[in-house]
Chemist: 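Before anything else, here's the structure in question.
Just so you know, these numbers come straight off a predicted model, no measurement behind them.
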Amino acid sequence: MRPGRRLSLLCCCCCCCCWLVCGGAVAAAAAAAAAAAPGPAEYAIAEETPRGAPVGNVARDLGLEAAWLPSRKGRLVGAGGEYLTLEAATGALSVGRPVDRERICALQPSCALSYELVLENPLELHPLRLRVLDVNDHAPRFPRADYQLSLAEFLAPGARLALPSAHDPDEGSHAVQSYALSADPHFGLAMQTRADGTSYPELVLERPLDRERQAAHRLLLTAFDGGSPARSGSTQLSRGPQCTGHQRQLAARLRATDPDEGPNGEVSYAFSNSTPPELRRLFTVDGRSGEVRLAGSLDGQTPPLELFVEARDRGPFGLSGQAKLLVDITDVNNHAPEIVVTSLSSPVPEDSPLGTVVALLSITDRDPGENGRVICQVPTQLPFQLRSSFDSYYTLVTSGLLDRRREVEVTENNQPGLSLFHVAASDPDLGENGRVSYQLRDIDIQGTALSAYLGIDAEAGTVYAKGSFDFEQLQSFHFQVEAVDHGSPALVAAFLVSISVLDQNDNAPHILYPAVSKNGSVAVEIVPRLADADYLVTKVVAHDPDSGQNAWLSFHLLQASDASLFRVSPDAGEVRTARSLRSSDALRHKVVVLVKDRGEPPLSTSLTLGVLLADSLPQALPDFDDSLEARSGQPLTRLNFYLIVSLGCLSCLFFGFLLVLLILRLVNCRTGPTRCCCCCCPDDEYEKYRYNVRMLPGSHFTPEMN
């Protein structure tokens, strides 16, 4: 199953399937009890354990009732294959077939097989781990049965020559532990350790060689493992240029130097006997240039790879040196994730609770490292999600409510004729038998026929609203859409639809208490004359017929004759005194409380309260009219303040203008030739002056010239 198919899974690379390696062939079976600590139940068997050998009891180890296993379809799944079997009636685990650790776990240092116990109704997963223990069933082996060594007779005692290493696929103490060399007075054996911690044998010259006395030497190199009894392997040895750099990463060319001249200084390259045969098939080395090239596919190889290159001169004694190459492999992400549905519960009841397990998936990627790490998810619009269980396994669980019906939402106060949704059906028949039309199965909704609310286009399948919905009257309803062909007899298919009406903030809060009469009179509350701070005056109770945040109400002090005297709690609607009352406070106060919802846009309602400060109930309540606000020192609004300032400025300008006119008049009277002629001139002169002044502005003719 490829990514994206069937379950619409989105996957990136990798998986962490757990194969741990332990090696060897075995003689007897060993079973271990399941681990008590949290995590997978763990068992152990020796490799090559015969079929049917008991391993453990999973029902007992996991605390399960064995009698339930058959009814719940208990079974084992996993990458371990048929090496482990389950007897469903008792929960007993046994060996399905003998395990060869070296074959299934290759060169890994430990070996383990992963399984899952799957139970259905409901679906449960229990991880199991089967460790395969190594037995000493392999002897050490050298790459070749015999090696030819060329040693110059002029070599001084102490000269060393690297010898081939043996390989044992067993693990731990069952692997190669030591080497031995047959007795020879000229040679000895020493062990050397590489920078990575691995060891290899070296041939040490202890006495000078004399070709005339002994031209050939035959030695037997034997490798021993640490088993009991120990196993061994041998190779025949029969009668060196220095490489620059003892250990380095793979390069395009190796270069060795030899200070000798002529053929004694000419160097050729080849893989040494310490290079494993499988790596010799993957790489080649050019004997003249020292270039190491890839000759096969590296897919499936575990880095780093160790290559040993030997540089040998062409002299008569063929002296040699050795270098170790570490080859690191960079993954190219050439494997796509693989998805296997291990278990599937289908169909799923629509009333299944959240978290119900629907399926068990195995998702793996053969690429190593980050390229092999798998990230999986389900499209967000689906009511499912993936949960990582263990190793490379995931469970598909429900993350939302399941409903076989289509859910359709419409906001109240919609326009009549609004298209709500579209249905489509197909019929494989031909002609009229395959032509489909649509209709609504009429039902009563709160005493009204469905056709009063909805209509449908019989050909297109579009369902539309005939009127406006009111959330306060109708929140939801369901009905069926029928697809009918035109055959005879007509065949019908029904589709169930649920309509949910969404609330709109179309209702303002309604004051329930204190009750206000219809004539608009003020509700009056009596407070003790010298009440303390935080005294409860009244509690405003309101209701909003909308729902959700459209019905969440908050309370605010909008206006008060003395703003320092009262406060309103925004959530509870309690009107309390903000401070202790004093004898100097006014006896009558008016308080306006604003009740506001949290819709968009918000709607509000105000309540006017009259507060009377008195120690006893008066015979008649005073009138809380608007004049009370003016007498109680109601603070000026910004508009009133601007009007007063403007009026004051205009008044100042007017009086200033009059003052300037008066000053100019007085100055003219004192400095003119007649000095206040308006008062001292004869009547005829005064009349002429008045006449001239009055006529000049309206005169449009040229006076006569005398």
Side-chain angles (χ1 to χ4, degrees), residues 17-20 22 26 28-99 101 104 110-133 340-349 351-363 386-398:
C17 217
C18 191
W19 285 107
L20 299 179
C22 282
V26 78
E42 190 166 303
Y43 302 88
I45 62 171
E47 63 173 331
E48 304 298 344
T49 299
R51 180 193 303 269
V55 176
N57 189 291
V58 70
R60 180 186 67 244
D61 299 333
L62 296 178
L64 303 175
E65 187 66 38
W68 294 350
L69 295 181
S71 62
R72 298 187 63 183
K73 300 180 181 180
R75 63 190 185 276
L76 291 180
V77 299
E82 300 178 355
Y83 295 109
L84 187 65
T85 59
L86 169 68
E87 185 179 350
T90 62
L93 298 173
S94 60
V95 176
R97 60 174 177 170
V99 182
R101 191 200 67 86
I104 65 174
S110 59
C111 185
L113 305 179
S114 296
Y115 294 89
E116 296 78 35
L117 173 64
V118 180
L119 302 176
E120 297 185 359
N121 302 320
L123 184 61
E124 291 182 11
L125 307 173
H126 299 278
L128 308 178
R129 190 182 302 276
L130 178 64
R131 292 192 299 115
V132 181
L133 305 179
V340 177
V341 180
T342 303
S343 179
L344 176 65
S345 298
S346 180
V348 180
D351 59 349
S352 299
L354 298 181
T356 300
V357 179
V358 177
L360 172 65
L361 309 174
S362 172
I363 306 175
L386 279 175
R387 293 178 180 173
S388 178
S389 296
F390 48 89
D391 291 343
S392 59
Y393 284 85
Y394 294 80
T395 53
L396 181 69
V397 300
T398 58

Chemist: To the nearest 0.5 Å, what is the distance between OH on Y394 and OG on S362?
Modeler: 10.0 Å
Chemist: Show me the side-chain donor-acceptor pairs of residues 87-96 shorter than 3.5 Å, one per line, residues at least two apart or across chains.
Modeler:
{"from": "T90", "atom 1": "OG1", "to": "A92", "atom 2": "N", "distance (Å)": "3.3"}
{"from": "S94", "atom 1": "OG", "to": "T85", "atom 2": "OG1", "distance (Å)": "2.9"}

Chemist: As an exercise, state the distance from CD of E82 to CZ of R51, rounded to the nearest 0.5 Å.
Modeler: 8.5 Å
Chemist: Could I get the full list of side chain to side chain contact (heavy atoms under 4.5 Å, CB included) partners for T395, not counting sequence neighbours?
Modeler: L125, V357, L360, R387, S389, V397
Chemist: Can you find a heavy atom in the side chain of Y43 that is under 4.5 Å from one in the side chain of D61?
Modeler: yes
Chemist: With side chains defined as the heavy atoms from C-beta onward, is the minimum distance between L361 and L386 less than 4.5 Å?
Modeler: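 Contact flag for L361/L386 side chains = yes.
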Chemist: Just by distance, do the side chain of T398 and the backbone of G355 share a donor-acceptor pair under 3.5 Å?
Modeler: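 Yes; at least one donor-acceptor contact below 3.5 Å.
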Chemist: So R97 and Y83, do their side chains get closer than 4.5 Å, heavy atoms only?
Modeler: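 Sidechains of R97 and Y83: in contact.
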Chemist: How many angstroms lie between CG in L64 and CG in L69, if you round to the nearest 0.5 Å?
Modeler: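 Reported value, rounded in 0.5 Å steps: 6.5 Å.
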Chemist: Say you draw a straight line from CG of L128 to CG of L86; how long is it, rounded to the nearest 0.5 Å?
Modeler: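 Those atoms lie 8.5 Å apart.
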Chemist: Restricting to side chain to side chain donor-acceptor pair (under 3.5 Å), what partner residues turn up for R75, sequence neighbours left out?
Modeler: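 R75 satisfies side chain to side chain donor-acceptor pair (under 3.5 Å) with E120, S343 only.
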Chemist: I'd like to check L113 versus I104 (side-chain heavy atoms, cut-off strictly below 4.5 Å). Are they in contact?
Modeler: yes
